[in-house]
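Quick notes on the structure that follows.
Any value given below was found using the heavy atoms of this structure, including those in side chains, with hydrogens, waters and symmetry copies removed.
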Amino acid sequence: MNRTIRGTPRFLLLPFLFIIAASGCGESGPSGENDNTGGASSGTGGGVTGSTSAGTGGGATGSTSAGTGGDATSSTNAGTGGDATGGTASASSGAGTGGAPSSNPTFHIFMLMGQSNMAGVANKQDSDKNSDERLKVLGGCNQPAGQWNLANPPLSDCPGEKGWNLSTSVDPGIWFGKTLLGKLPEGDTIGLVATAESGESINTFISGGSHHQMILNKIAKAKTAENARFAGIIFHQGESDNGQSSWPGKVVQLYNEVKEAWGVDYDVPFILGELPAGGCCGGHNNLVHQAADMLPMGYWVSQQGTNVMDEYHFDHASVVIMGTRYGEKMIEALKW
């Protein structure tokens with residue numbers, strides 16, 4: 001099901017009588033680093049530290065003329081709108097024309113929730129790796145907890161609170177994030193907060209459950225990120241609660257509790273994934289659809305065309321398919 005999401009009004013830029021060259025300032029990324037080194041007249045909006053693409057408005061290092069959409073530090077290319085001669089920045093003292101799409105880049109944070117098919121079971125491959133600094137994960141498997149790290153699978157804690165999450169697996173969250181990168185607004189960053197626990201009932205995620213506090217703790221940490229905006233949830237769970245008629249209502253409860261923990265007064269997309277057909281629990285998908293209908297911004301993605309590697313779990317190719325579908329549906333829901 002699709003629902004209309006109101007777009008954000010854009011401000012009109014009024015022409016100035018005089019163009020004044022002024023030095024800009026690089027924004028601090030989610031990790032807290034300041035970027036956008038270079039020109040004496042740089043634009044606003046520094047890129048994420050270590051990124052191969054600098055933030056909007058940053059000029060090439062050594063340039064005195066910053067153009068809209070400057071290149072990364074140490075690049076020899078001037079930004080669009082700035083002068084470039086022979087591939088290096090011009091000595092012009094004038095700033096490039098045009099404004100940055102956002103003077104305050106957003107850190108879009110998404111929750112990845114559920115059980116083993118969200119935590120990942122199929123073995124990861126080289127194609128699953130991510131090197132794009134715009135895609136971060138809070139903690140992550142075998143990475144420092146409580147900080148934003150480069151996102152690489154698996155994204156949920158390993159071995160997890162129950163001790164079942166695998167360290168060698170690929171999860172749909174990484175392909176969800178990679179898909180979002182293709183439509184990410186210029187200068188913005190994506191943060192993934194993975195809370196999946198293998199083999200768990202939804203009862204363990206809602207208030208009173210054994211994993212509920214872990215979810216609250218991760219949200220509390222994520223909220224402190226600079227320019228953070230809670231943007232959406234993807235959810236794959238139900239094998240442990242197969243066919244239980246109360247399950248859709250508990251999905252709604254989980255959504256409301258997560259939203260309350262974030263402290264936001266707006267709704268976000270909540271995207272459920274169908275359970276694999278041909279496995280244990282394909283009949284549960286009627287309840288997946290029902291839960292989506294009960295949510296204020298509920299959606300579901302199909303498992304059609306996927307395969308299982310055992311009775312319960314997607315094989316590698318199917319993990320990629322599901323992650324990509326989550327991303328495409330989120331792009332549609334957010335109107336990116």
Side-chain angles (χ1 to χ4, degrees), residues 28-33 48-51 106-124 128-178 180-181 184 188-200 204-205 209-237 254 257-259 261-263 268 319 323 326-327 330:
S28 177
S31 315
E33 303 92 337
V48 177
T49 302
S51 172
T106 301
F107 191 28
H108 306 273
I109 300 182
F110 299 90
M111 303 288 295
L112 317 180
M113 311 190 76
Q115 56 182 109
S116 56
N117 270 316
M118 184 59 75
V121 175
N123 286 333
K124 59 186 173 184
D128 303 317
K129 293 180 181 178
N130 166 57
S131 60
D132 196 320
E133 290 284 348
R134 297 174 300 162
L135 182 59
K136 303 285 189 180
V137 63
L138 182 61
C141 181
N142 293 328
Q143 299 206 74
Q147 71 178 47
W148 293 100
N149 303 304
L150 181 68
N152 268 298
L155 302 174
S156 291
D157 295 339
C158 61
E161 290 188 322
K162 192 171 184 177
W164 287 8
N165 289 355
L166 303 177
S167 63
T168 56
S169 65
V170 60
D171 52 300
I174 191 65
W175 286 97
F176 165 73
K178 286 185 173 187
L180 292 181
L181 284 174
L184 181 65
D188 290 358
T189 312
I190 294 167
L192 304 176
V193 179
T195 65
E197 290 284 342
S198 296
E200 292 297 84
T204 68
F205 302 137
S210 56
H211 303 304
H212 183 66
Q213 190 60 48
M214 175 269 291
I215 294 170
L216 297 183
N217 291 344
K218 287 198 171 187
I219 292 173
K221 180 62 179 180
K223 286 167 61 175
T224 66
E226 185 174 3
N227 300 327
R229 178 177 174 80
F230 178 35
I233 302 168
I234 64 172
F235 182 73
H236 189 105
Q237 197 275 334
L254 178 63
E257 289 178 350
V258 167
K259 181 180 170 182
W262 273 98
V268 300
V319 171
Y326 278 123
M330 188 64 74

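Using cut-offs of 30° and 60° on the angle between ring planes, the pair Phe176 and Phe110 is perpendicular.
If you check the side chains of Gln115 and Gln237, you find a donor sitting under 3.5 Å from an acceptor.
Taking Asn217 as the reference, Gln213 meet the side chain to side chain contact (heavy atoms under 4.5 Å, CB included) condition, with sequence neighbours excluded. Applying the ring pair (Phe, Tyr, Trp, His ring centres under 6.0 Å) rule to His212 yields no partners; only residues at least two apart in sequence or on another chain are considered.
Of the options Glu161, Lys162, Glu200, a side chain to side chain contact (heavy atoms under 4.5 Å, CB included) to Ser210 is made by Glu200 and by none of the others.
Within the 3.5 Å criterion, the main-chain N or O of Gly177 finds no donor-acceptor partner in the side chain of Tyr326. Side-chain atoms of Lys178 come within 3.5 Å of backbone N or O of Lys129 as a donor-acceptor pair. In this structure, the side chain of Ser156 does not engage the main chain of Ala119 through any donor-acceptor pair within 3.5 Å. Judged by distance alone, with hydrogens and angles left aside, the side-chain atoms of Lys223 form a donor-acceptor pair with the main-chain N or O of Ala261 at under 3.5 Å.
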Run the side-chain contact (heavy atoms from CB on, under 4.5 Å) check on Lys124 and Ile174 step by step: do they pass?
CA-CA 11 Å; Lys124 59 186 173 184; Ile174 191 65; over 6 Å; no

Mind running side-chain hydrogen bond (donor to acceptor under 3.5 Å, both in side chains) on Asn165 and Ser198 for me, showing each step along the way?
CA-CA 6 Å; Asn165 289 355; Ser198 296; 2.9 Å; yes

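Each salt bridge (Lys or Arg N to Asp or Glu O under 4.0 Å) pair with one or both residues in residues 149-158, not counting sequence neighbours, appears once here: Asp157-Lys218.
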